[in-house]
Amino acid sequence: MSSAPLAIPAAAEPWWKGAVIYQIYPRSFADANGDGIGDLPGITSRLGHVADLGVDAIWISPFFTSPMRDFGYDIADFCGVDPVFGTIADFDALVARAHDLGLKVMIDQVYSHSSDQHPWFAESRSSRDNPKADWYVWADPKPDGSPPSNWQSVFGGPAWQWDARRGQYYLHNFLVEQPDLNLHNPAVQDAILGAARFWLERGVDGFRLDALNFAMHDPLLRDNPPLPPSNRARSRPFDFQDKIHNQSHPDIPRFIERLAGEMRSHGAIFSMAEVGGDHWAREMALYTAGDRRLDSAYGFNFLYAERLTPGLIVDALAAWPDVPGHGWPSWAFENHDAPRAISRWTTPEHAAGFARLKMLLLLSLRGNAILYQGEELGLTQVDIPFDRLVDPEAIANWPMTLSRDGVRTPMPWAAEAPDHDFGSAEPWLPHGPDHGALAVDVQAADPRSLLHWTRRLIALRHAEPSLAHGSIEVRQAEGEVIVFERRAPGAAPILCAFNLGTEPVRTALPPHRVLAATGEIEGDRLGPHAALVARLA
């Protein structure tokens, strides 16, 4: 009897369910004009590499008009392209090229705040009675002149900034230069949905929604309670509070339903929220519940974890039960804010083997897989010296906060080319000293490389419905071993087994036929960082 899976109709699942999404940080992907900063034409010129991976979609981090205090997450025009990245025509050309290559295009949307240079904020701060006076979160001081509440900002210090123009404080959950929009105001929601519509009409296929649980605040401005003591490191005042009043307002799902309705009116558009904080599991479930809200969400389960363990994986999967009405997960091991996983989870002597295991695990989990640029090369975290830091959080909290700059360094395209062919004489951040040896041209020429391994695994995921969108059941999670099964109706069931440790282990596995394997595997013995994906007999 043939072991090939039964055919599943192409229309059985939406394109995004089980998709592999490639995140591009535009400042660091490719520089087309030689100014040291990556740009939209640079992305377009390198889309062939992304398409060759076999991914389904690209997600482009912000390229909007911005003073760049937070490198694009402080937006001064929600419908504009910042000149450092190009023009709106360059964006249209990027979308056209991506679609020609069979890639969907997702972009960031930032709805919780804008830049203080946005015309909306300039008008809002000018007086208390102008047409946009209530477009941002303003509040009077307490009788002693102190801020209206005890809320703290993510980047350190109070979340309130005094403004003498209005004689009031404004809320900023992030930088002082990022005032919070008042999404309780229907006019602000209408304006935000208008910006979303602008990009949807330009052919965008999906949105990644930044910091969505910060989109609304408690209008009563009640103080946040303290968090109970824990063993977690606390480097910012923000870390001491239970953030139940400056974020996570119960009206956020109503706005989500408006946004989702707008997106679905433009066709099969994919929506994916970023949800962090102490109540991430509850909020991700809430934001993706039913068929009128978002399609998916991802959190920080893996992004800041110091170790990859079976328990970490089991806990992450438990937040996404495969039951009707519950949303669909997305997973990222690293991104533009989080340190390279290869530098967090293993040591240099084990990096090559672990990188192969890590990629196999990411592409075997139930949910969407998000690859951050360079992850397919095994890029390591770069130690940026203080005099080259540009990350405002790292500068403010140095040396206690790990710089985000270390994961935002330029892509190495060619090992021996000047600037590794990024395109600049002097890029905005330095290359990693070991990144040349990991460059795209080196790995493309080596069939044993992580790049070729990644291409092979993505193709396998697409070929096996159980891997792409099937259910998941953990069979074993103890010590350094995790074993689970993936199953989809009418398709071959898949066995996935991983030894996350550096010592060999023995584990009994049911009869199977290996589809992909890494490390030393002999019978029931899994060597260090050995892993396999197999069809169950």
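Everything numeric here is computed off the predicted structure, so don't read it as measured data.
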- Message: With side-chain contact (heavy atoms from CB on, under 4.5 Å) as the criterion, how do F207 and F270 come out once you've worked through the C-alpha distance, each side chain's angles and the decisive distance to 0.1 Å?
- Response: CA-CA 6 Å; F207 290 153; F270 174 55; over 6 Å; no
Do [X] and [Y] have a side chain donor and acceptor closer than 3.5 Å?
{"X": "H336", "Y": "Y73", "result": "yes"}
{"X": "Q109", "Y": "Y111", "result": "yes"}
{"X": "D74", "Y": "S115", "result": "no"}
{"X": "R208", "Y": "Y298", "result": "yes"}
{"X": "D70", "Y": "Q178", "result": "yes"}
{"X": "E177", "Y": "H172", "result": "no"}
{"X": "Y287", "Y": "R293", "result": "no"}
{"X": "W328", "Y": "N368", "result": "yes"}
{"X": "D108", "Y": "W59", "result": "yes"}
{"X": "N246", "Y": "N224", "result": "yes"}
{"X": "W428", "Y": "S28", "result": "yes"}
{"X": "Y22", "Y": "E375", "result": "no"}

- Task: Could you please spell out the steps behind the salt bridge (charged side-chain N to carboxylate O under 4.0 Å, His left out) verdict for D239 and R236?
- Result: CA-CA 5 Å; D239 300 328; R236 307 163 296 177; 2.7 Å; yes
Calculate, to the nearest 0.5 Å, the distance between atoms [atom1] and [atom2] belonging to [X] and [Y] respectively.
{"X": "I370", "Y": "S330", "atom1": "CD1", "atom2": "OG", "result": "5.0 Å"}
{"X": "R254", "Y": "R292", "atom1": "CZ", "atom2": "CZ", "result": "11.0 Å"}
{"X": "M106", "Y": "I24", "atom1": "CE", "atom2": "CD1", "result": "12.0 Å"}
{"X": "Y136", "Y": "S124", "atom1": "OH", "atom2": "OG", "result": "7.0 Å"}
{"X": "L40", "Y": "I43", "atom1": "CG", "atom2": "CD1", "result": "5.5 Å"}
{"X": "Q247", "Y": "W151", "atom1": "CD", "atom2": "CH2", "result": "10.5 Å"}

Closer than 3.5 angstrom, by distance alone: can the side chain of [X] be matched with the main-chain N or O of [Y] as a donor-acceptor pair?
{"X": "R128", "Y": "G167", "value": "yes"}
{"X": "R166", "Y": "S127", "value": "yes"}
{"X": "Q381", "Y": "S343", "value": "no"}
{"X": "S112", "Y": "F214", "value": "no"}
{"X": "D77", "Y": "T65", "value": "no"}
{"X": "R165", "Y": "S126", "value": "no"}
{"X": "Q241", "Y": "P225", "value": "no"}
{"X": "H266", "Y": "E262", "value": "yes"}
{"X": "S466", "Y": "A488", "value": "yes"}
{"X": "R27", "Y": "P410", "value": "no"}

[X] [atom1]: over 12 foreign heavy atoms closer than 6.0 Å:
{"X": "R202", "atom1": "CZ", "answer": "yes"}
{"X": "D291", "atom1": "CG", "answer": "no"}
{"X": "R264", "atom1": "CZ", "answer": "yes"}
{"X": "E306", "atom1": "CD", "answer": "no"}
{"X": "R258", "atom1": "CZ", "answer": "yes"}

- Item | side-chain hydrogen bond (donor to acceptor under 3.5 Å, both in side chains) partners of D144, counting only residues at least two apart | S146
Tell me, do [X] and [Y] make a side-chain contact under 4.5 Å, heavy atoms counted?
{"X": "F64", "Y": "W199", "value": "yes"}
{"X": "F91", "Y": "V204", "value": "yes"}
{"X": "N213", "Y": "W280", "value": "no"}
{"X": "D251", "Y": "H184", "value": "yes"}
{"X": "H99", "Y": "V105", "value": "yes"}
{"X": "V407", "Y": "Q373", "value": "no"}
{"X": "F63", "Y": "I107", "value": "yes"}
{"X": "W16", "Y": "I21", "value": "no"}

- Task: Can you spot which of Y170, Y169, W138 makes a ring-ring contact (aromatic ring centres under 6.0 Å, His included) with W162?
- Result: Y169
- Item | Stepwise ring-ring contact (aromatic ring centres under 6.0 Å, His included) check, F71 with Y25 | CA-CA 10 Å; F71 296 99; Y25 191 71; 7.9 Å; no
- Task: Is it possible for you to check whether K243 lies under 6.0 Å from the centre of the six-membered ring of F238, through NZ or CZ, and within 45° of that ring's axis?
- Result: yes
- Item | Steps toward side-chain contact (heavy atoms from CB on, under 4.5 Å) verdict (D242, H279) | CA-CA 9 Å; D242 190 0; H279 308 290; 2.8 Å; yes
- Query: Is there a salt bridge (charged side-chain N to carboxylate O under 4.0 Å, His left out) between D322 and R366 once you walk through the steps?
  - Reply: CA-CA 9 Å; D322 187 6; R366 174 182 175 269; 3.3 Å; yes
- Message: For K132, is there an ion pair with D134 - N to carboxylate O distance below 4.0 angstrom?
- Response: no
- Task: Tell me, with the steps shown, if S61 and Q23 meet side-chain contact (heavy atoms from CB on, under 4.5 Å).
- Result: CA-CA 7 Å; S61 293; Q23 183 193 356; 3.0 Å; yes
- Message: What verdict does the ring-ring contact (aromatic ring centres under 6.0 Å, His included) test give for F78 and W120, after you've listed the backbone C-alpha separation in whole Å, the side-chain angles of each residue and the deciding distance to 0.1 Å?
- Response: CA-CA 11 Å; F78 287 100; W120 295 348; 5.5 Å; yes
- Message: Apply ring-ring contact (aromatic ring centres under 6.0 Å, His included) to residues F333 and W345 and explain how you reach the verdict.
- Response: CA-CA 10 Å; F333 287 173; W345 289 345; 5.2 Å; yes
- Task: Verify side-chain contact (heavy atoms from CB on, under 4.5 Å) between R461 and V20, making sure each step is shown before the conclusion.
- Result: CA-CA 9 Å; R461 180 182 173 96; V20 182; 3.7 Å; yes
- Query: W320 and H326: ring-ring contact (aromatic ring centres under 6.0 Å, His included), yes or no, with the steps?
  - Reply: CA-CA 7 Å; W320 294 96; H326 204 282; 5.5 Å; yes
